[in-house]
Asker: 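My questions will all concern the structure given below.
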Amino acid sequence: AESDVNHFSKALEEDIPELSARCEQQSRVLKEPLFGDSTKMGKEERQEVLAKLTELEENVKKAGADAERFMRYQDVLRMEVTPFEDIDELKQDFKLRADLWRGMETWEGLSESWNATQFTTIEVEDINKKVAEYNKIAVKSQKAMEGNEVPIIWGAAVVQFKNTLPVVVALRNKALKDRHWAMITEMIGQELNLEADDFTLGALLEMGVDKHMEAIQEVSGKATAEL
């Protein structure tokens with residue numbers, strides 16, 4: 001039994017540094033400029049980054065599984081258990097980049113579908129929940145990846161969406177009268193035909209109504225108060 005213990009101990013002495021070297025190599029890959037390259041944010045260009053993440057994911061998972069296995073062995077052999085902080089850091093770094101780039105990929109599909117929705121059929125509550133989810137990823141990425149402009153650019157697009165949805169609610173207010181509509185038209189700089197087939201969420205976004213969100217909400221609030 002003692003020879004088994006010695007055998008395992010010796011194997012671990014070789015395996016642990018090998019795992020640390022692998023972890024260091026993968027950490028270097030995650031710090032490559034590719035993951036902060038704003039020219040890769042387009043639909044086609046993004047595929048290169050996503051493919052790299054898929055390739056890395058297997059290595060990161062294996063490193064995590066190996067670390068857990070080695071810790072179990074050390075515990076059984078009554079050896080000092082290695083904390084493997086470098087593996088924890090690797091997993092966090094990977095998750096940050098994967099959440100950001102995969103989040104952008106999913107967001108694009110969802111926002112394309114929402115943009116094509118006619119104004120009167122926009123499901124504000126459902127969209128709001130999803131937008132909050134992606135906004136959280138963007139904000140977290142901005143804080144954790146300082147100097148990386150990718151989450152800043154993407155985050156701005158998510159925020160524009162976030163600030164357009166309250167405008168949808170305000171414009172649907174049945175209390176709005178002609179005088180209120182005249183004020184809103186003056187703000188936006190164009191007439192709105194809410195029933196028109198081509199009056200979609202995407203059309204509202206293009207008008208930049210998010211910049212007038214508070215003012216439009218105020219007009220809508222006054223209309224309700226005047227009832």
Asker: With heavy-atom distances below 4.5 Å as the criterion, would you say the side chains of Ile87 and Leu19 are in contact?
Answerer: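 A side-chain contact under 4.5 Å exists here.
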Asker: Just by distance, do the side chain of Arg102 and the backbone of Leu50 share a donor-acceptor pair under 3.5 Å?
Answerer: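 It does not hold such a pair.
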Asker: Before giving the answer on side-chain contact (heavy atoms from CB on, under 4.5 Å), spell out for Phe199 and Thr120 the whole-Å C-alpha distance, their side-chain angles and the decisive distance to 0.1 Å.
Answerer: CA-CA 9 Å; Phe199 189 61; Thr120 55; over 6 Å; no
Asker: Is any side-chain N of the basic residue among Asp75 and Arg72 closer than 4.0 Å to the acidic one's carboxylate O?
Answerer: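 Looking at Asp75 and Arg72, the cut-off is not met.
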Asker: For Glu45 and Thr39, indicate whether the former's side chain and the latter's backbone hold a donor-acceptor pair under 3.5 Å.
Answerer: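 Between the backbone of Thr39 and the side chain of Glu45 there is no qualifying donor-acceptor contact (under 3.5 Å).
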Asker: Report the distance from atom SG of Cys23 to atom NZ of Lys91, rounding to the nearest 0.5 Å.
Answerer: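 Atom-to-atom, Cys23:SG and Lys91:NZ are 10.5 Å apart.
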Asker: Any pair with a residue in residues 182-200 that passes side-chain hydrogen bond (donor to acceptor under 3.5 Å, both in side chains), sequence neighbours left out, goes on the list, sorted by first then second residue, please.
Answerer: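 Sorted pair list comes back empty.
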Asker: Take Met104 and Tyr134, measure what side-chain contact (heavy atoms from CB on, under 4.5 Å) needs, and give me the verdict at the end.
Answerer: CA-CA 8 Å; Met104 280 194 287; Tyr134 289 99; over 6 Å; no
Asker: What about Val139 and Val159, same hydrophobic cluster or not, with Ile/Leu/Val/Met/Phe/Trp/Tyr joined at side-chain heavy-atom distances under 4.5 Å?
Answerer: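 Result: no, two separate clusters.
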Asker: Could you tell me whether the side chain of Leu171 reaches within less than 4.5 Å of the side chain of Leu192, counting heavy atoms only?
Answerer: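 A side-chain contact under 4.5 Å exists here.
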Asker: Any idea which heavy atoms bring Gln118 and Leu194 closest together, and the distance?
Answerer: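 Shortest heavy-atom contact: NE2-O, 2.9 Å.
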Asker: What I'd like to find out is whether the side chain of Phe84 reaches to under 4.5 Å of the side chain of Asp66, using heavy atoms alone.
Answerer: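 No, side chains not in contact.
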Asker: Taking the side chain as everything from C-beta on, heavy atoms only, tell me whether Asp37 gets closer than 4.5 Å to Val150.
Answerer: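 Answer no - side chains too far apart.
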Asker: Does Lys62 come within less than 4.0 Å of Glu58, counting only side-chain N to carboxylate O?
Answerer: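 Salt bridge absent between Lys62 and Glu58.
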Asker: Going through the checks in order, is the side-chain contact (heavy atoms from CB on, under 4.5 Å) test met by Ile184 and Trp181?
Answerer: CA-CA 5 Å; Ile184 292 168; Trp181 282 112; 4.3 Å; yes
Asker: What are the two closest non-hydrogen atoms of Leu165 and Asn128, and how far apart are they?
Answerer: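 Reported closest heavy-atom pair: CD1-OD1, 3.5 Å.
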Asker: Hydrophobic clusters here meaning ILVMFWY residues chained together by side-chain heavy-atom distances under 4.5 Å, can you tell me if Ile127 and Met207 are in one?
Answerer: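 Ile127 and Met207: one cluster.
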Asker: Has Asn135 got a side-chain atom pairing as donor or acceptor with Val131's backbone, closer than 3.5 angstrom?
Answerer: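 No, because the side chain of Asn135 does not come within donor-acceptor range (under 3.5 Å) of the backbone of Val131.
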Asker: Show, in sequence, the C-alpha distance, side-chain angles and deciding distance for Glu123 and Thr117, and conclude whether the side-chain contact (heavy atoms from CB on, under 4.5 Å) test is met.
Answerer: CA-CA 9 Å; Glu123 297 284 353; Thr117 311; over 6 Å; no
Asker: Indicate the atoms forming the closest heavy-atom contact of Ala138 with Pro151, along with that distance.
Answerer: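 For Ala138 versus Pro151, the nearest heavy atoms are O-CB, 4.0 Å.
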Asker: Say whether Phe35 and Ile152 are linked into one hydrophobic cluster, either directly or through other cluster members, by side-chain heavy-atom distances under 4.5 angstrom.
Answerer: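 No, because Phe35 and Ile152 fall into different hydrophobic clusters, even though each may have its own neighbours under 4.5 Å.
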Asker: Side chains of Ser27 and Glu89, heavy atoms from C-beta outward: is any pair under 4.5 Å?
Answerer: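 With C-beta onward as the side chain, the pair stays apart.
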Asker: Carefully, step by step, assess Glu24 and Arg28 under the rule salt bridge (charged side-chain N to carboxylate O under 4.0 Å, His left out).
Answerer: CA-CA 6 Å; Glu24 199 178 315; Arg28 278 199 302 271; 3.5 Å; yes
Asker: Testing Lys52, Gln47, Glu48, Arg46 for side chain to side chain contact (heavy atoms under 4.5 Å, CB included) with Lys40, which one passes?
Answerer: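 Passing option: Glu48.
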Asker: Side chains of Leu12 and Leu77: closer than 4.5 Å at any heavy-atom pair?
Answerer: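 Side chain of Leu12 against side chain of Leu77, heavy atoms only: contact under 4.5 Å found.
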Asker: Taking all non-hydrogen atoms of both residues into account, name the closest pair between Ala63 and Leu90 and its distance.
Answerer: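 Shortest heavy-atom contact: CB-CD2, 4.3 Å.
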Asker: Nearest 0.5 Å, please: how far is CG in Asn163 from NE2 in His212?
Answerer: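 So the NE2 of His212 and the CG of Asn163 are separated by 12.5 Å.
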Asker: Can you find a heavy atom in the side chain of Arg22 that is under 4.5 Å from one in the side chain of Asn59?
Answerer: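 Result no, sub-4.5 Å side-chain heavy-atom pair not found.
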Asker: Give the minimum heavy-atom separation between Met71 and Thr82, together with the two atoms involved.
Answerer: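 Result for this residue pair: CG-O, 3.5 Å.
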Asker: Check for a donor-acceptor pair, side chain of Glu149 on one end and backbone N or O of Gly36 on the other, with a separation under 3.5 Å.
Answerer: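 No, Glu149 side chain to Gly36 backbone: no donor-acceptor pair under 3.5 Å.
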Asker: Got a second to check how far Ser111's OG is from Gln160's CD, nearest 0.5 Å?
Answerer: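 Answer for the OG-CD pair, Ser111 versus Gln160, is 11.0 Å.
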Asker: To the nearest 0.5 Å, tell me how far Arg97 CZ sits from Leu34 CG.
Answerer: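 These two atoms lie 10.5 Å from each other.
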Asker: Under 6.0 Å from the CD atom of Glu125, do we count more than 12 heavy atoms belonging to anything else shown?
Answerer: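 Not more than 12 within 6.0 Å, no.
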Asker: Any non-hydrogen side-chain atom of Asp210 less than 4.5 Å from a side-chain atom of Leu204?
Answerer: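 SC-SC contact between Asp210 and Leu204 ruled out.
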Asker: Taking CD in Glu32 as the centre, count heavy atoms belonging to other residues, nucleotides or ligands within less than 6.0 Å. Is the count above 12?
Answerer: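 Enclosed.
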Asker: Sequence neighbours excluded and cut-off under 3.5 Å, please list the side-chain donor-acceptor pairs for residues 213-227, or say none.
Answerer:
{"from": "Ser220", "atom 1": "OG", "to": "Ala170", "atom 2": "O", "distance (Å)": "3.0"}
{"from": "Ser220", "atom 1": "OG", "to": "Asn173", "atom 2": "ND2", "distance (Å)": "3.0"}
{"from": "Thr224", "atom 1": "OG1", "to": "Asn173", "atom 2": "ND2", "distance (Å)": "2.7"}
{"from": "Thr224", "atom 1": "OG1", "to": "Ser220", "atom 2": "O", "distance (Å)": "3.2"}
{"from": "Glu226", "atom 1": "OE1", "to": "Arg179", "atom 2": "NH2", "distance (Å)": "2.6"}
{"from": "Glu226", "atom 1": "OE1", "to": "His180", "atom 2": "NE2", "distance (Å)": "2.9"}

Asker: Kindly assign one of parallel, tilted or perpendicular to the pair Trp107 and Phe161, based on the angle between their ring planes and the thresholds 30° and 60°.
Answerer: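 Rings of Trp107 and Phe161: perpendicular, as their planes differ by over 60°.
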Asker: What are the two closest heavy atoms between Asp93 and Lys31, and how far apart are they?
Answerer: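 Taking every non-hydrogen atom into account, OD2-NZ, 3.3 Å.
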Asker: Is it true that Trp101 and Trp154 have ring centroids separated by less than 6.0 Å?
Answerer: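 Aromatic pair excluded; centres sit 6.0 Å or further apart.
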Asker: Could you see if Leu110 belongs to whatever hydrophobic cluster contains Phe119? Use Ile, Leu, Val, Met, Phe, Trp, Tyr and a side-chain cutoff under 4.5 Å.
Answerer: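 In one cluster: yes.
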